[in-house]
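Remarks on the structure that follows.
Below, all heavy atoms of this structure are taken into account, side chains as well, without hydrogens, waters or symmetry copies.
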Amino acid sequence: MGRGRVQLKRIENKINRQVTFSKRRSGLLKKACEISVLCDADVALIVFSTKGKLSEYATDASMERILERYESYSSSDKQIVSTDLISTGSWSLEHAKLRHRIEHLQRNQRNLVGEDLDPLSLRELQSVEHQLENALKHIRLKKNQLMNLSIAEMHKKDKIMQEENNFLGKKIKESEKALAELGQLDCQSQDASQPPIIMSEPTTQHVDINREISSGEGSTNQNQPCTALLPWMLRGPSK
């Protein structure tokens, strides 16, 4: 018949309690030794009886080393916990500050665009007005700078275009001059290639000239060129 499940509660019988303590202590020490050997773990076990008797077990009998290690870990854990608490508190405070700052900036932004002006006092309104005037000064200054830069850039482009125009005008004049010289050379070459034209003197027929009215006129007309009459002019009237 198997053992029944033991109910975990304080044993009222003093003798039975002492016997159970002795048996359980031996089993606990045995289990601590087994886990240290099987798992290569550092184990420290401290047990005090009801009468104050000490029972202990430590791996390789180095109870002091294990306790020092425990204290160092315990202190480090406490520091981490305290650091976390401090950092958490500081983060909460920083979050509250940043949130207040964001609300203040949002309110100022609304005031600058002309919203939520009713809660403002006269001094606050004057401050908003001063901020707007300073902002307008900076905006006008920046606008003038950009306009001056744009005008300077346009003057520079205009100067470059004028130089290009002058250069193109010179090129056109040089091209026209070269074309004119080339045309003159072509004309001269064509004249040199054609044979010279010899103009023959027209044949004149000796015709009878009417008698001059006076001898003086005849003497004066000797030096003048003779005028040839056409054949039909020499024919008489048809009968």
Treating Ile, Leu, Val, Met, Phe, Trp and Tyr as nodes and any side-chain heavy-atom pair under 4.5 angstrom as an edge, say whether V37 and V43 lie in one connected cluster.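 Different hydrophobic clusters.
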Shared hydrophobic cluster, F21 / F48 (ILVMFWY, side-chain heavy atoms < 4.5 Å):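 Each belongs to a different hydrophobic cluster.
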H138 and N134: side-chain donor and acceptor closer than 3.5 Å?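 The answer is no; no qualifying pair exists.
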Roughly how far, to the nearest 0.5 Å, is [atom2] of [Y] from [atom1] of [X]?
{"X": "I11", "Y": "N16", "atom1": "CD1", "atom2": "CG", "value": "6.5 Å"}
{"X": "I46", "Y": "L67", "atom1": "CD1", "atom2": "CG", "value": "5.0 Å"}
{"X": "N165", "Y": "Q162", "atom1": "CG", "atom2": "CD", "value": "8.0 Å"}
{"X": "I66", "Y": "E64", "atom1": "CD1", "atom2": "CD", "value": "9.5 Å"}
{"X": "D40", "Y": "D42", "atom1": "CG", "atom2": "CG", "value": "7.5 Å"}
{"X": "Q18", "Y": "N13", "atom1": "CD", "atom2": "CG", "value": "11.5 Å"}

Minimum-distance pair of heavy atoms, taken over all atoms of [X] and [Y]:
{"X": "Y57", "Y": "C33", "result": "OH-CA, 3.4 Å"}
{"X": "A41", "Y": "T59", "result": "O-OG1, 3.4 Å"}
{"X": "L29", "Y": "L45", "result": "CD2-CD2, 3.3 Å"}
{"X": "L28", "Y": "V47", "result": "CD2-CG2, 4.2 Å"}

Give a yes or no answer on whether the side chain of S175 reaches the backbone of K171 with a donor-acceptor pair at less than 3.5 Å.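 Pair found, side chain donor or acceptor close to backbone of K171.
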Are K177 and K173 packed together at the side-chain level, in the sense that at least one heavy-atom pair is separated by less than 4.5 angstrom?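 No, side chains not in contact.
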Compile the donor-acceptor pairs under 3.5 Å between side chains in residues 96-109 and protein atoms, sequence neighbours left out, one pair per line.
{"residue": "H104", "atom": "ND1", "partner": "R107", "partner atom": "NH2", "Å": "3.0"}
{"residue": "H104", "atom": "NE2", "partner": "N108", "partner atom": "ND2", "Å": "3.1"}
{"residue": "N108", "atom": "ND2", "partner": "H104", "partner atom": "O", "Å": "3.4"}

Under the rule for side chain to side chain contact (heavy atoms under 4.5 Å, CB included), what residues qualify as partners of R10, not counting sequence neighbours?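 If we apply the side chain to side chain contact (heavy atoms under 4.5 Å, CB included) test to R10, skipping adjacent residues, the hits are E12, R17.
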Using atom types as modelled, flag every donor-acceptor pair under 3.5 Å from a side chain in residues 140-160 to any protein atom, sequence neighbours excluded.
{"residue": "N144", "atom": "ND2", "partner": "R140", "partner atom": "O", "Å": "3.2"}
{"residue": "N148", "atom": "ND2", "partner": "N144", "partner atom": "O", "Å": "3.1"}

Can you establish whether the number of heavy atoms outside L112 located under 6.0 Å from its atom CG is more than 12?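 Yes.
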Does CZ in R110 sit with more than 12 non-hydrogen atoms of other residues, nucleotides or ligands closer than 6.0 Å? yes
